[in-house]
Chemist: 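For reference, the structure I am asking about is given below.
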Amino acid sequence: MSLYNMQAAMKEQRVTDKLRVLVVDDSEDDVFLLIRELRKGGIIPEYLRVDSEPKLRQALKKSWDIVITDHNMPGFSSEEALEVVKSEGLDTPVIIVSGTIGEDIAVRAMKAGAHDYIMKDNLARLLPAIQRELKEAGVRYARKQAEQSLHHMAYHDSLTDLVNRREFDRRLRSALVSSKERGLVHMLLYLDLDQFKIINDTCGHIAGDELLKQIARILSRHIRESDTLARLGGDEFGILLESCNKQHAVELAETLKEEVRGFKFVWDNTPFVVSLSIGIVQITKAYSNATEILSHADIACYAAKDRGRNTVQIYQVQDTDMQRRHSEMQWTSRLRMALEQNQLFLCHQPMACLSDEVSDDHHTEFLLRLRDGEEVVQPGAFIPAAERYNMMPLIDLRVIELVFQYLADSGKGYEDKGTYFVNLSGNSLSDDQFFARIRELLNQYKIRPERICFEITETAAIAHLSDAVEFIREIRDEGFKFALDDFGCGMSSFSYLKTIPVDFLKIDGGFVRNMLNDPIDVSIVDACNKIGHAVGLKTIAEFVESDAIKDRLKEMGIDFAQGYAIAKPKPLNME
């Protein structure tokens, strides 16, 4: 449809002097009468007369607003003209103008696709008929454009206009089918922007969106017409290279990596350097589904990040780092299911009071376990994966809820004594909503906050020092207590006590376990205890595995002991 028709749809379809008319007629005199009738209505149209099928097909290569055809021409009828217009796939309105046409012929012509028929002795109907048909054509065009727009939106990313994840997955599945059925080999590139979060956090989402659009344009310049470039979500892109060998995929990945590395993104007069980590997977018939391919590409991409960023990494089945990553990714799906199906549960391990000066001697640590069928999974198997994939805030909140619920149901959360220790991850301290959610749970269960002592490892606290200090101060203001776990393993452990406000020091069990056989370990445990007491803290020794160690700790003045010589962890329902 021409520009005129789009304008007509916007302006109530009024005919203007830009009307383009194609007339199919063997008589120049009849055409003159038609044009004169249009001019009487104030229209000076651009028109062309044709009188045969070849000429009509040639003329239809240009854009016309209306086709007016005579009914009877030597060797060429209006029905044939209609058929030609339809065969060209055009939606241009066709009006038949004839001196004589029977009712049956007129009805047949309308069924064949004619929009109107007008007798030559009643040409006054011509202009109103054209106005009506152009209006209806404008409506059809608008509807078609809307349908095309909706179709485009369904398969393209609204920000970058690249193919979206849904369409990319479909094309990836199709490529895998061709590998299985025809033995074709394809390549998949999985790209992740290394510095996107920094720009997004420091400059805002508008800057982040603009960066993604510019990166999309850079990537688009280097792919073949047969390739598929998609935004898979966030700052991740995918490129499907159909019928491609490994060498070309690696060369393309290196080119894209260098191109993006050389690009400087400027926002508010501040330049930023960004880079790509790229994972590559070869798509062959060995794969069972597209999900597995994407998983391996993601693993390779993260391996590239782990190896320094701005790196290209091909997925290798035997690579130990990739095997570990694959295991961790499997754990994330299992953990999500565990959270949904309440498969996480608590054990508790009581502590023994070693000091006569401690008034509250009822101390217990809650420990997390995962129920997998009949098997009980220890946290060491899944916590690394949860930390890497930022699932620890969810898990920590579930543990806190289970603890609060238990203390409320048992009544222990309302008593005047008892301290219950709950482990936290360093990742949780960096979560903006974590403290607010703890406060919500406290309001829900109404337990006394002084009964709870949150604990975090020394290394995690140091790694998230500013977040840890702020969180600990807020949590202690609310009435909770705090403990520093695994204390003594850091190079500057004692200096951090001036910065981190806590109530308990839990001495690293690695020193406690061998203290009877190693004088250095004894000295470290003794130093931790004395420094802790000097700043007013209670001390707890972990990994107490014999009565001899327990007795030695008591001699040293340690306040509490925890370990198998005191009590083994057991589920809460086995009390």
Side-chain angles (χ1 to χ4, degrees), residues 196-198 200-206 208 234 332 335-346 364-368 370 379 382-383 385-415 418-485 496 499-504:
F196 180 72
K197 189 176 188 301
I198 295 174
N200 223 28
D201 291 346
T202 58
C203 301
H205 293 290
I206 295 177
T332 59
L335 286 172
R336 290 189 184 96
M337 182 181 298
L339 287 167
E340 293 171 1
Q341 299 181 359
N342 297 317
Q343 294 174 339
L344 297 176
F345 69 98
L346 296 179
T364 297
E365 180 177 356
F366 289 108
L367 303 169
L368 178 64
L370 170 63
F382 57 83
I383 291 298
E387 289 180 336
R388 181 178 288 271
Y389 288 93
N390 200 33
M391 294 187 68
M392 283 310 301
L394 292 174
I395 293 175
D396 282 349
L397 284 172
R398 177 60 59 85
V399 170
I400 293 169
E401 184 172 14
L402 291 173
V403 169
F404 284 17
Q405 184 179 37
Y406 166 75
L407 294 178
D409 292 346
S410 65
K412 295 179 179 180
Y414 310 119
E415 296 177 353
T419 302
Y420 301 92
F421 290 74
V422 181
N423 289 280
L424 296 180
S425 165
N427 292 347
S428 297
L429 306 191
S430 302
D431 189 302
D432 293 339
Q433 302 301 315
F434 190 72
F435 178 71
R437 184 64 183 129
I438 291 177
R439 184 176 283 162
E440 290 175 6
L441 290 171
L442 182 63
N443 291 334
Q444 178 181 346
Y445 290 101
K446 311 284 185 197
I447 64 171
R448 299 177 65 168
E450 59 267 27
R451 301 281 71 84
I452 300 293
C453 180
F454 292 110
E455 61 177 270
I456 185 173
T457 65
E458 177 193 349
T459 51
I462 293 171
H464 303 80
L465 187 59
S466 59
D467 291 329
V469 170
E470 181 180 357
F471 178 85
I472 294 171
R473 284 175 177 163
E474 287 181 338
I475 213 79
R476 294 178 83 225
D477 287 344
E478 198 71 34
F480 296 100
K481 298 173 185 176
F482 215 93
L484 201 57
D485 194 11
Y496 283 109
T499 306
I500 305 175
V502 296
D503 303 279
F504 293 88

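Only this structure's heavy atoms are used, side chains among them; waters, hydrogens and symmetry mates stay out. Just so it is clear, the model here is predicted, and its values are computed rather than measured.
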Chemist: Do the charged groups of D431 and R437 touch, with an N to O distance under 4.0 Å?
Modeler: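 No.
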
Chemist: Do you see a donor-acceptor pair shorter than 3.5 Å between the side chains of D485 and T457?
Modeler: no

Chemist: Could you measure the distance from the CD1 atom of I472 to the CD atom of E470? Nearest 0.5 Å is fine.
Modeler: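 Interatomic distance, I472 CD1 to E470 CD, rounded to 0.5 Å: 11.0 Å.
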
Chemist: Just verifying a value: how many Å separate S410 OG and Q405 CD, rounded to the nearest 0.5 Å?
Modeler: 10.5 Å

Chemist: Hey, what do you get for CG (L335) to CZ (F382), rounding to the nearest 0.5 Å?
Modeler: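 Going from CG on L335 over to CZ on F382, the span is 6.5 Å.
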
Chemist: How far apart are the closest heavy atoms of G208 and N200, and which atoms are they?
Modeler: CA-OD1, 3.4 Å

Chemist: In Å and rounded to the nearest 0.5 Å, what is the CD to CG distance from E455 to D503?
Modeler: 12.0 Å

Chemist: Taking the six-membered ring for Trp, is the centroid-to-centroid distance between F480 and F454 below 6.0 Å?
Modeler: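 Yes; F454 has its ring centre under 6.0 Å from that of F480.
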
Chemist: Is the distance between the ring centroids of F482 and F504 under 6.0 Å?
Modeler: no

Chemist: Check whether any side-chain N or O of R398 sits under 3.5 Å from a backbone N or O of L339 as a donor-acceptor pair, and report yes or no.
Modeler: yes

Chemist: Check whether more than 12 heavy atoms from other residues, nucleotides or ligands sit under 6.0 Å from atom CD of Q341, and answer yes or no.
Modeler: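 Atom CD in Q341 is packed in, count exceeds 12.
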
Chemist: Which atom names give the shortest non-hydrogen contact between F404 and I447, and what distance separates them?
Modeler: CD1-CD1, 3.6 Å

Chemist: Dump the intermediate steps for side chain to side chain contact (heavy atoms under 4.5 Å, CB included) on L442 and I452, then the final yes or no.
Modeler: CA-CA 11 Å; L442 182 63; I452 300 293; over 6 Å; no

Chemist: Can any side-chain N or O of S428 pair as donor or acceptor with the backbone N or O of L424 at less than 3.5 Å?
Modeler: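 Flag not set: sc S428 to bb L424 has no pair under 3.5 Å.
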
Chemist: Can you list the steps and then say if V403 with Y445 is a side chain to side chain contact (heavy atoms under 4.5 Å, CB included)?
Modeler: CA-CA 10 Å; V403 169; Y445 290 101; over 6 Å; no

Chemist: Any chance the side chains of Y406 and K412 put a donor and an acceptor closer than 3.5 Å?
Modeler: yes

Chemist: Run the salt-bridge test on K481 and E450 with the 4.0 Å N-O cut-off and return the result as yes or no.
Modeler: no

Chemist: Return the CD1 to CE distance between I383 and M391, rounded to the nearest 0.5 Å.
Modeler: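 Going from CD1 on I383 over to CE on M391, the span is 10.0 Å.
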
Chemist: Consider only side-chain N and O atoms of S425 and D396, and report whether a donor and an acceptor are under 3.5 Å apart.
Modeler: no

Chemist: What I'd like to find out is whether the side chain of L368 reaches to under 4.5 Å of the side chain of N423, using heavy atoms alone.
Modeler: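 No, their side chains stay 4.5 Å or more apart.
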
Chemist: Kindly give the heavy-atom pair with the smallest separation between I456 and A461, and that separation in Å.
Modeler: CD1-N, 4.0 Å

Chemist: Between R451 and G418 (side chain of the first, backbone of the second, donor and acceptor by atom type, cut-off under 3.5 Å), is there such a pair?
Modeler: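 Indeed, once roles are kept as given, a pair shorter than 3.5 Å links the two residues.
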
Chemist: Does the side chain to side chain contact (heavy atoms under 4.5 Å, CB included) test come out yes or no for T364 and F421, once each step is laid out?
Modeler: CA-CA 6 Å; T364 297; F421 290 74; over 6 Å; no

Chemist: With a 4.5 Å cut-off on side-chain heavy atoms, are V422 and I400 touching?
Modeler: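 I400 vs V422: side chains touch.
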
Chemist: Can you confirm whether Q444 sits close enough to L441 that some side-chain heavy atom of one is under 4.5 Å from a side-chain heavy atom of the other?
Modeler: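 They are in contact (side-chain heavy atoms under 4.5 Å apart), so the answer is yes.
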
Chemist: Between N427 and E387 (side chain of the first, backbone of the second, donor and acceptor by atom type, cut-off under 3.5 Å), is there such a pair?
Modeler: yes

Chemist: Y420 vs F366, test: side chain to side chain contact (heavy atoms under 4.5 Å, CB included). Steps then yes/no.
Modeler: CA-CA 7 Å; Y420 301 92; F366 289 108; 3.5 Å; yes

Chemist: Starting at CD1 of I500, measure out to CG of L465 and round the result to the nearest 0.5 Å.
Modeler: 5.5 Å

Chemist: Identify the two heavy atoms, one from P393 and one from F434, that lie closest to each other, and give their separation to 0.1 Å.
Modeler: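 Minimum heavy-atom contact is O-CE1, 3.8 Å.
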
